[in-house]
Amino acid sequence: MSESATAQSGNFIRQIIEQDLAEGKNGRSVVTRFPPEPNGYLHIGHAKSICLNFGIAQDYQGHCNLRFDDTNPEKESQEFIDGIQQDIRWMGFEWSNPKFASDYFEQLYQYAVQLIKSGNAFVCSLGPDDIRQQRGTLTEPGVESLYRNRSVEENLDLFQRMREGEFKEGEHVLRAKIDMTSANINLRDPVLYRIKYATHPRTQNQWCIYPLYDYTHCISDALEGVTHSLCTLEFEDHRPLYDWVLDALETPHHPQQIEFARLALEYTVTSKRKLNLLVEAGHVESWDDPRMPTLSGMRRRGIPPEAIRDFCERIGITKKDAFIEMTVLENCIRETLDPQAMRVMCVLRPLKVVIENYPDGKEEIFSASNHPKNADTGKRAIPFSNTIYIEQDDFMEAPPDKYFRLAPGKEVRLRYGYNITCTGVVKDEAGRVAELRCNYDPESRGPGRRKKKVKGIIHWVSAKHAIDTEVRLYDRLFRIPNPGASEDLAASINPNSLEVMHHCKLEPSAQNLAEGDHVQFERQGYFCLDRKPASGMRPVFNRIVTLRDSWGKLEGKK
Ligand code: ATP
Ligand code: MG
């Protein structure tokens with residue numbers, strides 16, 4: 001067993017698997033599956049299931065099937081089938097051949113015929129409303145359909161004619177014959193097949209009857225030799241039906257369904273349907289908008305897949321639904337990026353500073369580590385001249401006590417450079433601070449430098465050498481921890497989830513970054529290069545995450 005399997009054997013599913021292996025069950029093999037419906041792009045919730053299913057297969061020398069659960073043709077598409085595969089690969093997992101529930105349509109049909117023959121299924125000709133009404137409630141038993149006792153011959157005939165397209169949608173369905181008085185509503189003669197005239201992304205118009213999830217899933221698992229079918233808690237009440245179908249069919253193999261808690265993350269939604277609403281209504285640009293909790297959005301945002309895998313490991317697998325704080329994910333991202341991301345300085349809201357006592361036209365090159373904790377990453381060259389940009393926030397004309405940055409008459413240190421003292425403020429016609437005048441202290445840098453107590457250290461970029469960039473500051477998409485509780489998602493969208501800074505000034509050592517590369521803008525956060533710019537265009541950087549949690553502070557203040 002690999003190290004990570006040992007490390008994680010605390011999770012209850014791994015304990016079950018280890019016990020099964022010890023008892024020699026399933027010929028000591030482990031087969032799992034990840035079964036997305038191709039009706040949208042994958043999100044962070046799916047990542048939990050992916051890491052669990054593929055992770056278990058890796059750690060117990062088994063395999064994990066990727067199986068598309070494609071039984072709702074109207075909502076599914078090839079675009080989603082392709083996107084889902086790209087996202088799982090990006091997460092770092094592989095599979096042999098993708099499988100599709102639709103590959104089993106013929107087998108599923110033959111199994112249904114078998115259920116009819118053994119008296120376990122019947123064609124019901126009630127309309128959908130009647131079926132719903134007769135199902136009963138949690139406190140009242142259901143009512144048996146008046147078609148329940150059709151003969152096997154009649155059922156076989158009708159089912160075949162359903163397949164052949166003789167009937168309209170909703171005219172007949174195939175139902176299991178179980179128990180209308182069961183305390184578990186899922187066992188009250190559930191529908192197994194419905195008529196639907198829709199073009200399927202793979203089988204096109206070959207079928208006009210489609211099997212339902214509960215019927216399809218257990219048989220697909222059995223046909224693939226899945227040993228442990230891991231699903232989320234809402235399927236716990238469906239497990240008796242899962243087992244009933246496989247028992248009724250006497251399939252040679254009977255997988256074990258085990259349920260675990262869904263991932264719910266604060267300040268976002270983890271439901272393809274709700275994410276689709278955001279895309280459709282234009283609240284975000286696309287499925288891969290960097291604010292989306294989709295894997296494609298997180299990739300575009302610059303979040304490394306290792307950080308997501310680490311997050312999934314940290315939250316663990318339990319049987320209890322709970323919201324995970326966004327800071328847990330954000331901390332995983334910071335911890336993954338900190339050792340990897342090279343440091344550069346970037347001024348997001350530039351304020352020009354002219355250093356009057358530094359000779360015009362003179363240039364110096366300062367040297368700084370690419371990474372303060374990793375000498376192997378080498379050094380970068382930082383040019384300095386008499387005109388630099390600093391952050392508007394790093395200057396205050398009338399500062400309060402204990403303001404350690406720049407103010408008239410005050411001195412700060414330029415990171416890697418000299419100390420400067422503000423000697424004058426130039427204002428525009430509207431009275432706003434437009435430029436600063438400063439003097440530098442030539443003795444304040446270098447090996448023999450004069451030691452001085454200067455508390456503030458600020459970042460800066462030489463005006464002449466700066467790369468003009470656009471920086472997109474992304475923040476949480478929602479203002480409240482549980483936006484999914486209301487259908488009106490738009491009402492809780494964070495109006496400041498995207499701020500575009502058009503005139504940022506970036507240190508020139510960043511000029512050779514490739515698309516998707518990560519950097520730390522010192523004092524600001526982690527950023528990634530969105531796209532390599534076309535020639536003549538400014539590069540665009542996405543903020544992945546700030547250096548520290550600022551939401552915690554805000555919440556504390558409430
Ligand atoms: P959605 O409501 O977003 O469509 P789903 O469960 O219907 O979610 P599927 O495509 O059917 O989406 O899911 C594929 C697999 O991923 C299932 O096994 C499902 O249980 C799992 N999964 C989906 N969402 C989560 C989540 N939030 N946490 C953990 N597992 C999840
Ligand atoms: Mg679903």
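Along the sequence shown, residues are numbered consecutively beginning with 1. In each ligand, atom 1 is the first atom listed, and ligand 1 is the first ligand listed.
A ring pair (Phe, Tyr, Trp, His ring centres under 6.0 Å) with Phe68 holds for exactly one of Tyr104, Phe100, Trp95, Phe80; it is Phe100.
Below 30°, between 30° and 60°, or above 60°: for Phe235 and His238 the angle between ring planes is above 60°, a perpendicular geometry. In this structure, Tyr109 and Phe159 have parallel ring planes: the angle between them is below the 30° cut-off, well short of the 60° mark. Relative ring orientation between His217 and Tyr242 is described as tilted, the plane-to-plane angle lying within the 30° to 60° band.
Using modelled atom types, one finds a donor on one side chain and an acceptor on the other under 3.5 Å when comparing Asp288 with Ser286. With 3.5 Å as the limit, one finds no donor-acceptor pair spanning the side chains of Arg273 and Asn276.
The closest heavy-atom contact to atom 27 (N) of ligand 1, among the options Ile44, Leu263, Asn276, comes from Leu263. Selection from Lys75, Lys274, Arg262 by nearest heavy atom to atom 2 (O) of ligand 1 gives Arg262.
The parts of Pro35 lying near ligand 1 are both backbone and side chain, judged by heavy-atom distances below 4.0 Å. Counting heavy atoms under 4.0 Å from ligand 1, residue Arg273 does not touch it at all.
Distances between N or O atoms of Lys48 and those of ligand 1 include no value under 3.5 Å. The shortest N/O to N/O separation between Ala261 and ligand 1 does not fall below 3.5 Å. Considering backbone and side-chain atoms together, His46 places an N or O closer than 3.5 Å to an N or O of ligand 1.
Residue contacts with ligand 1 leave out Phe235, since none of its heavy atoms falls under 4.0 Å from the ligand. Proximity of His43 to ligand 1 is established by a heavy-atom distance of less than 4.0 Å.
Centroid-to-centroid, the aromatic rings of Tyr215 and Tyr193 come within less than 6.0 Å.
Close approach of ligand 1 to Ser49 (heavy-atom distance below 4.0 Å) involves ligand atoms 16 (O), 21 (C), 30 (N). Atom numbering of ligand 1 starts at 1 in the shown order; those under 4.0 Å from a heavy atom of Pro36 are 10 (O), 14 (C).
A donor-acceptor pair is defined here as one N or O able to donate and one able to accept, closer than 3.5 Å; no such pair exists between the side chain of Glu325 and the backbone of Glu266.
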